[in-house]
Amino acid sequence: MNVIQYDGYADIAPITGFSLRKTFTCGQCFRFDEEGDGYSGVAFGRYVRFAQPAPDILRIYGEAASDADLWIKYLALDVDYEAIRLDIARRFDCEIMDRALEYGEGIRILRQQPWEVICSFIISQNNNIGRIKKIIAALSRALGEPAAGSDRHHAFPTPEALFKLGTEGIFALGTGFRAKYIYDAANRITEGIIDLNALAAQDTRTLIKELCTVKGIGLKVASCAALFGFGRTEVFPVDVWVRRSIDRHFGGKLDIDSLGEYAGIAQQYLFYYERENGGRT
DNA sequence: CACCAGGTGGAAC
DNA sequence: GTTCCACATGGT
């Protein structure tokens, strides 16, 4: 895998087992949208536009192209998904997972920033993905610093900015009953009651337990934060879609604590398959 | 106009 | 310990 710099973009090639579309439409990330022949959005406070002109080429446009290593890590292009998928297939050893693996081939679990994931999944509760994206866009537009590389995109708001805005201000941006939860999380981090860097060094059980001390963070939100924001691939979040999949394909019972070190990735295949094909199979 | 959305806190058994 | 229900809002 090499990085080749051109005038105005960079190509990373050759890559295998990566689908730009599936990675950004599988429901793990709320800040990227289809733009032209690819997907664009903001991560790490920087605007970036990706395209995949051939299955084995990832293209990065604009200012972001100068930092290919950052995006390789963000997109998990340095991770051996072939081995992970084999582990999942062997461990589950069932038709539904085989179908989900095939359907979701190319999904990568992004390495997103902890605070953005925590806040985003607080917003996700009792909500749909379309509106989650709108709320996050509104928060970012109102409070986020201008994103590097774009004059119309903004970084995700810091905990400090949300704390200063207050519950009423957060409510006014369309967050609904979740405003007080977002405020509590922002407050605890701003005050240093919760230290995200320290949490990143804790074991997964402690991490989830600590996250659950925030009002509005329960097991599901904490699990998503651990998986998407802290790289804990062994965590298996159960939401309504995964619940549905378990009910329909696993007799309503699945021991989520013994699904191996890539349980969370398996969960994403099931989630994506159920949400896209739900009811049909 | 009901019902649902990547749930959770709190009250009532 | 489990079970029920409100919660803001926008989309079918």
Side-chain angles (χ1 to χ4, degrees), chain A residues 22-33 41 100 103-104 107-110 112-139 141-142 156 162 165-188 194 208-230 232-233 235-250 252-254 256 259 263-279:
Chain A
K22 292 181 197 175
T23 295
F24 283 112
T25 59
C26 75
Q28 62 178 319
C29 161
F30 306 107
R31 295 219 65 196
F32 277 77
D33 292 300
Y103 187 77
I107 289 175
R108 302 280 172 141
I109 300 296
L110 299 168
Q112 302 184 66
Q113 296 182 114
W115 165 245
E116 177 172 335
V117 174
I118 291 167
C119 190
S120 295
F121 278 91
I122 289 174
I123 292 165
S124 79
Q125 67 178 254
N126 199 229
N127 210 343
N128 60 70
I129 291 181
R131 208 167 77 89
I132 295 163
K133 290 179 73 168
K134 285 179 86 171
I135 291 171
I136 291 169
L139 291 178
R141 193 166 52 245
F156 195 87
L162 287 158
L165 186 61
T167 304
E168 295 78 8
I170 296 169
F171 183 92
L173 289 169
T175 53
F177 64 88
R178 309 161 193 86
K180 54 187 177 291
Y181 302 152
I182 296 167
Y183 179 80
D184 186 53
N187 178 33
R188 283 167 185 261
I194 288 179
I208 288 177
K209 184 171 62 103
E210 291 294 317
L211 289 172
C212 285
T213 64
V214 175
K215 273 225 187 306
I217 297 185
L219 182 58
K220 158 63 172 62
V221 170
S223 297
C224 285
L227 172 60
F228 300 124
F230 290 88
R232 308 304 170 92
T233 58
V235 178
F236 189 96
V238 180
D239 75 311
V240 292
W241 295 103
V242 173
R243 180 75 254 165
R244 232 166 259 169
S245 182
I246 293 172
D247 287 345
R248 275 152 29 81
H249 302 292
F250 297 91
K253 289 193 290 284
L254 187 64
I256 65 169
L259 297 176
I265 299 174
Q267 172 273 160
Q268 200 61 30
Y269 289 124
L270 289 176
F271 172 87
Y272 180 63
Y273 185 81
E274 185 68 23
R275 201 165 81 89
E276 300 273 322
N277 303 311

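The basis for the numbers below is simple: all heavy atoms, side chains too, and nothing from hydrogens, waters or symmetry mates. Note on naming: letters A, B, ... go to the chains in the order of the sequence lines (proteins, then strands), and numbering restarts at 1 for each one.
For the pair A/C212 and A/G130, both in contact range of DNA chain B, the more 5′-proximal nearest nucleotide belongs to A/G130. Along DNA chain C, the nucleotide nearest to A/F171 and the one nearest to A/K134 differ in position, and the one closer to the 5' end is contacted by A/F171. Both A/F121 and A/V214 lie close to DNA chain B; mapped to their nearest nucleotides by heavy-atom distance, the more 5′-ward contact belongs to A/F121.
The aromatic ring of A/F271 is stacked on the base of B/dG6, with the two ring centres less than 5.5 Å apart and the planes inclined by under 30°.
Of the possible polar contacts, none joining the A/R108 side chain to the A/T23 backbone as a donor-acceptor pair under 3.5 Å is found. The closest donor-acceptor contact from the side chain of A/T175 to the backbone of A/I170 lies under 3.5 Å. Checking side-chain atoms of A/K133 against main-chain N and O of A/F32 turns up a donor-acceptor pair under 3.5 Å.
Rounded to the nearest Å, the gap between the C1' atom of B/dG6 and that of C/dT3 is 23 Å. If you take atom P in B/dG10 and the same atom in C/dA8, they sit 13 Å apart, rounded to whole Å. Here, C/dC7 and B/dC4 have their C1' atoms 14 Å apart, quoted to the whole Å.
One finds no side-chain N or O of A/K215 lying less than 4.0 angstrom from the OP1 or OP2 phosphate oxygen of B/dG7.
Between the CG atom of A/D247 and the P atom of B/dG6 there is a distance of 17 Å, given to the nearest Å. Across the protein-nucleic acid pair, A/R131 atom CZ and B/dC3 atom C1' stand 15 Å apart, rounded to whole Å. As a whole-Å value, the separation of A/F177 CZ from C/dC5 C1' is 12 Å. Rounded to whole Å, atom P of B/dG9 lies 13 Å from atom NZ of A/K220. Put simply, CD1 on A/I217 is 9 Å from P on B/dG9, counting in whole angstrom units. Going from atom CZ of A/R178 over to atom C1' of C/dT9 covers 7 Å, rounded to whole Å. For the pair A/I182 CD1 and B/dG7 P, the computed distance is 15 Å after rounding to whole Å. To the nearest angstrom, P of C/dT2 lies 14 Å from CG of A/L219.
Out of C/dG10, B/dA5, B/dG9, the shortest distance to the side chain of A/R244 is found at B/dA5.
Just one of A/Q268, A/E274, A/R275, A/Q267 meets the side-chain contact (heavy atoms from CB on, under 4.5 Å) condition when paired with A/V242; it is A/Q267.
Helical stems in DNA chain B, defined as runs of 3 or more consecutive Watson-Crick or G-U wobble pairs with donor-acceptor distances under 3.5 Å: B:2-5 with C:9-12, B:7-13 with C:1-7.
Smallest separation of non-hydrogen atoms from A/S120 and A/I132: O-CG2, 4.2 Å. The nearest pair of heavy atoms linking A/Q125 to A/R178 is O-NE, 3.0 Å. Considering every non-hydrogen atom in both A/C224 and A/V117, the closest pair reads O-CG1, 3.8 Å.
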Could you go through A/F30 and A/F121, starting from their C-alpha distance and side-chain angles, then the distance that decides it, and tell me whether this counts as ring pair (Phe, Tyr, Trp, His ring centres under 6.0 Å)? CA-CA 10 Å; A/F30 306 107; A/F121 278 91; 5.2 Å; yes
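Using a 4.0 Å heavy-atom distance criterion, A/F228 is classed as a base contact. A/G27 comes within 4.0 angstrom of a base, heavy atoms only. When heavy atoms are screened at a 4.0 angstrom cut-off, A/V117 is found touching no nucleic acid atom at all. Using a 4.0 Å heavy-atom distance criterion, A/K133 is classed as making no nucleic acid contact.
One can find a donor-acceptor pair under 3.5 Å joining the base of C/dA8 and the side-chain atoms of A/N126. With hydrogens and angles ignored, a donor-acceptor pair under 3.5 angstrom links the side chain of A/Q268 to the base of B/dG6. Not a single donor-acceptor pair, N or O on each side, falls under 3.5 Å between the base of B/dA5 and the side chain of A/R275.
Between A/D184 and A/R188 a salt bridge is recorded (basic side-chain N to carboxylate O distance below 4.0 Å).
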